[in-house]
Number of protein chains: 2
Amino acid sequence: MTRLNMRELARKLGVDRSTISRALSEDKAHLVAAETRERIREEARAAGYRPDLTAASLRRGRSHTVGVLVPDLGNETFINVIRTMFRHLDQRVVPPLTPLIAETLDQSGATRHLVQTFLSRRVDAIVSLASTETDADVLRDAAKEAPVVLAIRAISGASFPSALCDDRAGGAMVATHFADRGHKVVCQVQGPPMAATFKQRARGFSEVCRDRGIAEIPHGVFADNATSAAGKRALDALLAASPRPTAVFAHNDALALGIIEAMRHRGLRYPADLAIVGFNNTHLSRVLAVPLSTVDYPVEEVSRHAGELVRNLIGNPGYTVESRSFTPSLIVRASS
Amino acid sequence: MTRLNMRELARKLGVDRSTISRALSEDKAHLVAAETRERIREEARAAGYRPDLTAASLRRGRSHTVGVLVPDLGNETFINVIRTMFRHLDQRVVPPLTPLIAETLDQSGATRHLVQTFLSRRVDAIVSLASTETDADVLRDAAKEAPVVLAIRAISGASFPSALCDDRAGGAMVATHFADRGHKVVCQVQGPPMAATFKQRARGFSEVCRDRGIAEIPHGVFADNATSAAGKRALDALLAASPRPTAVFAHNDALALGIIEAMRHRGLRYPADLAIVGFNNTHLSRVLAVPLSTVDYPVEEVSRHAGELVRNLIGNPGYTVESRSFTPSLIVRASS
DNA sequence: CTGTTAGCGCGTTCAT
DNA sequence: ATGAACGCGCTAACAG
């Protein structure tokens, strides 16, 4: 028993295969007489005909898929951007785009390999939420074969169509907040600077500290990855500094949470012993017994714009792209 | 500028296309002379040749992809199972299987549509973590074209190769724990019973309550979905019951968290005013100021077995399948 | 508006 | 061990 294909369906209906192809397509359906078209669609449905998309992909050179690179599938913010973007696309692209999602875990070399796979599958576009400085070449090469869109993380010195958050402004807001509350010695626990997000957050924060005459001590506390485990390990460095900081900016909520856990372990309390602000406004920040101040990530805007970039760039190589950066907002809660 | 294909590569090397195909494949490489094979592989790499997988898929009738249905991309447990399963598969399947991930949001009808898409793309297998009672027919039909594996959620009355958690035992553990702590009146906040997971957890819990002579009051508190928002809404029902329960079993950690938030809002404390146990042992349960007792989900075992089922069923239709169910374990923390 | 023809790039015969 | 030839199922180009 073999699958029903166009040839058989055409035989049943007494028309040519190409007429079927046209009648079932979205953009060429108007070339078929209304009556024939309905007859074909009716019979296709009744017979349970499903087009073979691997054949269509080969013929068209495009598979109606979008390759998505994400650093970490467990990260709420990335996932929210992906799902919001595809929800957006589903509503306005026919036939729908199937996501191919792959996780890089920020391992160098992962991007190269995964991009190859995407291109082999003839994706219509690639969206990277995982780009780091070292990915520029790979993505530039990829862009010769399929549109490449960056979301969340930019690549400094490279110009790709992008949908971003103004992380620098976000970092600045946190420093301003600390200054306004009278903190004189502060600190940041930075995520890996290979990701532009963290670099910009650090930059915005430090700039305002300088302007407002606040000391950043100790200066460079880097977490090897932006997780709560790394946050836990960072606390020791903060407490060893002299003078000791009275407030800390964690580059995301997971890092903040790690710091909080480590403090609890030592019997310290926030904000009394140390004020804390995170980044992303994840669900978690709202449900802590002492809720976390954090920077709200503009998920909706970033996702929508990323979706629009993908939509416009597909089959539209000359599209003049507007990269955009959306401003986040500080949410002050009890932790600061 | 067109992509480099086998024909061109063959011309460059002075061999036939089919020799290239064999040399680059995993299973037929031995048919090519070692020297020729290396020469071909060398040149393919140097020239940056990437096979067109849409063409290969059409020819083979399989795309080396696996369709994955998941109820909610934001749910840590589902995501962990997916990533663990593919990490497992990546290490032992060549060429690697690309996941096609689709979210059902537990909307009826979503499964039918998404399964069609998967089959149109000629997936090698379908893994559903999202199955509900009403999906049985769709999946049974799908199974005629590609192996279907169930993970996490079974379908009662249908027999698919499955990798599950013994949810009934998990529910029973919670009830036993409550009984041992001397609770006489308890309650459960149930997830939607269309998902077998919740039905089994409820069943295991109720059975033990009956055996140990504990009252379940009010009897059926159902959340329309297993999220913290639904948990929040459930608290009122618990507090209105008479006699009032002293302990509650939430069918997952998100529900438990909602209950906790609602309690905090009312100035109630746990476990003093109400003991709480969740399910899944998500990250969240560990980081609450008063950590949550919960049932640890056997993610590793379930994922590994799901991966093995997929691996064995692909290209092996006669494989005798061993569905398995793994026992979870209760983790008692401060909330109970 | 519909049919005819060709070919996308590969993997698999079958022959040598 | 290699080459020749075919066809997977579809869509595009061209004709009428």
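Throughout, a chain's letter reflects where its sequence line sits, starting with A, and its residues are numbered from 1. Because only heavy atoms are used, hydrogens play no part in the values below, and waters and symmetry mates are left out as well, while side chains stay in.
Atom P of nucleotide C:dG3 and atom CD1 of A:Ile20 are separated by 10 Å, given to the nearest angstrom. When rounded to the nearest whole Å, the span between CG of B:Leu31 and P of C:dG11 equals 14 Å. Residue B:His30 contributes atom NE2, which lies 13 Å from atom P of D:dT2 at whole-angstrom precision. B:Leu13 has its CG atom 12 Å from the P atom of D:dT2, to the nearest Å. Atom-to-atom, CZ of B:Arg62 to C1' of C:dC10 comes out at 17 Å; the value is rounded to the nearest Å. For the pair B:Asp52 CG and C:dG7 C1', the interatomic distance rounds to 14 Å; values are reported in whole Å. In this structure, the CZ atom of A:Arg3 is 14 Å from the P atom of D:dC8, given to the nearest Å. One can place CZ of B:Arg59 at 15 Å from C1' of C:dG7, the figure rounded to the nearest angstrom.
The shortest heavy-atom contact between A:Asp90 and A:Leu97 is OD1-O, 4.4 Å.
For the pair A:Ile40/A:Thr36, a side-chain contact is recorded, criterion being any heavy-atom separation below 4.5 Å from C-beta on.
Residue A:Thr54 is classed as having no contact, given no heavy-atom separation below 4.0 Å to the nucleic acid. Nucleic acid contact class of B:Thr36 (heavy atoms, under 4.0 Å, all strands): sugar-phosphate only.
In this structure, the nucleotide among D:dG3, D:dA13, D:dT11 sitting nearest to the side chain of A:Arg22 is D:dA13. Side-chain atoms of A:Asp16 lie closest to C:dG3 of the nucleotides D:dG9, C:dG3, C:dG11. With D:dT2, C:dT2, C:dC10 as the choices, the nucleotide that has an atom nearest any side-chain atom of A:Thr19 turns out to be C:dT2. Checked against C:dC10, C:dG3, C:dA6, the side chain of B:Ala55 finds its nearest nucleotide in C:dC10. Side-chain proximity of A:Asn5 to D:dA1, C:dG3, D:dG9: nearest is D:dG9.
Within the 4.0 Å cut-off from OP1 or OP2 of D:dC10, at least one side-chain nitrogen or oxygen of A:Tyr49 is found. The side chain of A:Arg7 places an N or O atom within less than 4.0 Å of a non-bridging phosphate oxygen (OP1 or OP2) of D:dC8. Under 4.0 angstrom from either OP1 or OP2 of C:dC1 there lies no side-chain N or O belonging to A:Lys28.
Map A:Leu58 and B:Arg17 each onto its nearest nucleotide of DNA chain D; the residue landing nearer the 5' end is B:Arg17. If you find the closest nucleotide of DNA chain D to B:Val32 and to B:Arg122, the one lying nearer the 5' end belongs to B:Val32.
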Output, in order, the C-alpha distance, side-chain angles, deciding distance and verdict of side chain to side chain contact (heavy atoms under 4.5 Å, CB included) for A:Glu308 and A:Arg304.
CA-CA 6 Å; A:Glu308 282 308 302; A:Arg304 225 190 350 246; 5.5 Å; no
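Looking at A:Ser18, its side chain comes within 3.5 Å of the base of C:dT4 through a donor and an acceptor atom.
The line from CG of B:Leu13 to OG1 of B:Thr19 is 10.0 Å long, rounded to the nearest 0.5 Å.
A donor-acceptor pair under 3.5 Å links the side-chain atoms of B:His305 to the main chain of B:Glu322, judged by distance alone.
Considering A:Arg121, A:Arg62, A:Arg122 as possible partners of B:Asp52, the one that fulfils the salt bridge (charged side-chain N to carboxylate O under 4.0 Å, His left out) test is A:Arg122.
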